[in-house]
Amino acid sequence: MNGALTAAAVPLRATAAPRLLQPVEAIAFDLDGTLVDSAPDIRHALNSALHKAGLRSFDLPTVRGWIGDGPDATIARALVAQAIDPTNAAGRQLCDHLRRSFDMTALAAPMSLGHVFDGVPEMLAALARQVPCVVVTNKPTPLARALLNAAHLLPHLMAVFGADEPAQRKPSPVLLQAAADHLGVATAALLMVGDGRADLQAAASAGCPAVLADWGYGATGWEGPPPWRMDSPAELPVQLAACLKSTRGPAGPVNTLLHF
């Protein structure tokens, strides 16, 4: 591991990459919608829990639109969609019951219906040879690790930071800050790669540069500066290497890392 991404003589998509302010020393990836298309499994776990409770189930496009803020938020949205208040005493008790059922189904078969996005294993293998890679997700850590293990992605990652408490969930910067501390890098040198608005907001709050994974579920509602976008996982190693190359002066890399 080199400690920072090195330059490579590779073609770069025109106007896609910003000018890096400093080398990227580590990368944090979102999980659902960035590394894996886990929506079918999330839908299965959610609908199984709802069915056991005598409640209505939902189709895949609907559930996919609820993903990104962790299972508690997904369950709450499913209740709101059938006119049940998840915030009163009865609603909170129902949410807890549904969450236990959701977790049992999700842990029993973490990726029986979903799949790893094309190009993700190759991307992680290439990047992990140069910089430490971690996952920062709103999924609780046990569910995240089970999914990554089932997807055969865990060997490429140095750590998994899951939202085990509500206050840790993105857009809070807490998990990105914890990842940076764990890896011994500044947040300014930790690149966040995600597909959602919460990923971009968390990066902005933590002072991290960010990439929007356009192959994922989509960052609807983002009102900040136009993000650095990539169409496929294969672009990330190429663009990072080319950006670093473009910022090298006679004395080495120029300190100009992209921020919001």
Side-chain angles (χ1 to χ4, degrees), residues 29-117 135-154 160-172 174-175 194-199 201-202 213 216-222:
F29 290 93
D30 175 49
L31 179 52
D32 300 301
T34 299
L35 298 181
V36 298
D37 181 5
S38 53
D41 291 296
I42 293 172
R43 174 183 179 250
H44 173 64
L46 174 66
N47 283 345
S48 176
L50 292 170
H51 176 74
K52 290 174 183 175
L55 298 172
R56 178 163 63 93
S57 59
F58 295 91
D59 61 21
L60 183 58
T62 299
V63 174
R64 183 178 281 116
W66 292 338
I67 294 172
D69 296 323
D72 289 335
T74 301
I75 290 167
R77 288 163 183 155
L79 294 182
V80 170
Q82 43 199 315
I84 298 173
D85 183 356
T87 63
N88 60 30
R92 290 195 300 271
Q93 185 176 11
L94 178 57
C95 283
D96 290 343
H97 173 74
L98 293 171
R99 173 63 191 278
R100 288 191 293 272
S101 180
F102 179 99
D103 285 0
M104 287 180 61
T105 301
L107 285 170
M111 204 176 71
S112 61
L113 301 172
H115 65 277
V116 179
F117 284 112
V135 158
V136 170
T137 175
N138 282 344
K139 236 181 180 63
T141 303
L143 291 180
R145 293 189 66 89
L147 176 55
L148 288 162
N149 186 56
H152 306 292
L153 300 178
L154 207 48
V160 178
F161 295 87
D164 299 320
E165 300 292 339
Q168 296 176 319
R169 294 176 192 152
K170 296 172 289 183
S172 167
V174 167
L175 292 178
D195 72 301
R197 177 178 59 180
D199 301 313
Q201 291 174 329
Y217 297 155
T220 57
W222 171 246

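FYI, the numbering just counts along the sequence from 1.
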Participant: Can you find a pair of side-chain heavy atoms, one from P71 and one from I42, that are under 4.5 Å apart?
Facilitator: no
Participant: Determine which pairs satisfy salt bridge (Lys or Arg N to Asp or Glu O under 4.0 Å) with at least one residue from residues 88-115, sequence neighbours left out, and list them in order.
Facilitator: D72-R99, R99-D103
Participant: Can you tell if the side chain of D32 reaches within under 4.5 Å of the side chain of N138, non-hydrogen atoms only?
Facilitator: no
Participant: Determine the minimum heavy-atom distance between A146 and P110, stating which atoms define it.
Facilitator: O-CG, 3.6 Å
Participant: Return the minimal non-hydrogen interatomic distance between G162 and L175, and the atom names on each side.
Facilitator: O-CD2, 3.7 Å
Participant: Quick one: CG on L98 to CG on L79, what's the gap to the nearest 0.5 Å?
Facilitator: 6.0 Å
Participant: So, do L50 and F58 sit near enough that their side-chain heavy atoms are less than 4.5 Å apart?
Facilitator: yes
Participant: Distance from R43 atom CZ to T74 atom OG1, nearest 0.5 Å?
Facilitator: 14.0 Å
Participant: Restricting to non-hydrogen atoms, name the atom on S38 and the atom on L147 that form the minimum distance, rounded to 0.1 Å.
Facilitator: CB-CD2, 4.1 Å
Participant: Closer than 3.5 angstrom, by distance alone: can the side chain of D195 be matched with the main-chain N or O of Y217 as a donor-acceptor pair?
Facilitator: yes
Participant: Can you tell me if T105 uses its side chain to pair, donor with acceptor, with the backbone of A45 under 3.5 Å?
Facilitator: no
Participant: Just wondering, do K170 and D30 contact through their side chains at under 4.5 Å, heavy atoms?
Facilitator: yes
Participant: Report yes if the side chains of L153 and V36 come closer than 4.5 Å at any heavy-atom pair, otherwise no.
Facilitator: yes
Participant: Ignoring hydrogens, what is the shortest heavy-atom contact between A167 and V174? Give both atom names and the distance.
Facilitator: O-CG2, 4.3 Å
Participant: When rounded to the nearest 0.5 angstrom, what distance separates CZ in F102 from NE2 in H44?
Facilitator: 10.5 Å
Participant: Checking Q82 side chain against R56 main chain: does a donor-acceptor pair fall under 3.5 Å?
Facilitator: yes
Participant: Is it true that, when you exclude H51 itself, more than 12 heavy atoms of the residues, nucleotides or ligands shown sit nearer than 6.0 Å to its NE2?
Facilitator: no
Participant: Indicate yes or no: at least one non-hydrogen side-chain atom of H152 is less than 4.5 angstrom from one of V116.
Facilitator: no
Participant: Under 3.5 Å, which donor-acceptor pairs do the side chains of residues 62-69 form with other protein atoms, sequence neighbours left out?
Facilitator:
| from | atom 1 | to | atom 2 | distance (Å) |
| --- | --- | --- | --- | --- |
| T62 | OG1 | D59 | OD1 | 2.6 |
| D69 | OD2 | R77 | NH1 | 3.3 |
| D69 | OD2 | R77 | NH2 | 2.4 |

Participant: Drop me the distance from R145's CZ to T137's OG1, to the nearest 0.5 angstrom.
Facilitator: 12.5 Å
Participant: Please confirm whether the backbone N or O of F117 pairs with a side-chain atom of D37, one donor and one acceptor, at under 3.5 Å?
Facilitator: no
Participant: If you define the side chain from C-beta out and look only at heavy atoms, does anything of P86 sit under 4.5 Å from L94?
Facilitator: no
Participant: Tell me the closest heavy-atom pair linking P171 and Q201, and the distance in Å.
Facilitator: CB-OE1, 3.3 Å
Participant: Using a 4.5 Å cut-off on heavy atoms from C-beta on, say whether the side chain of V160 contacts that of L31.
Facilitator: no
Participant: Hey, does the side chain of D85 reach the backbone of G91 with a donor-acceptor pair shorter than 3.5 angstrom?
Facilitator: no
Participant: Run the side chain to side chain contact (heavy atoms under 4.5 Å, CB included) test on L148 and L35 for me, step by step, so that the C-alpha distance in whole Å, both residues' side-chain angles and the decisive distance to 0.1 Å come before the verdict.
Facilitator: CA-CA 9 Å; L148 288 162; L35 298 181; 4.3 Å; yes
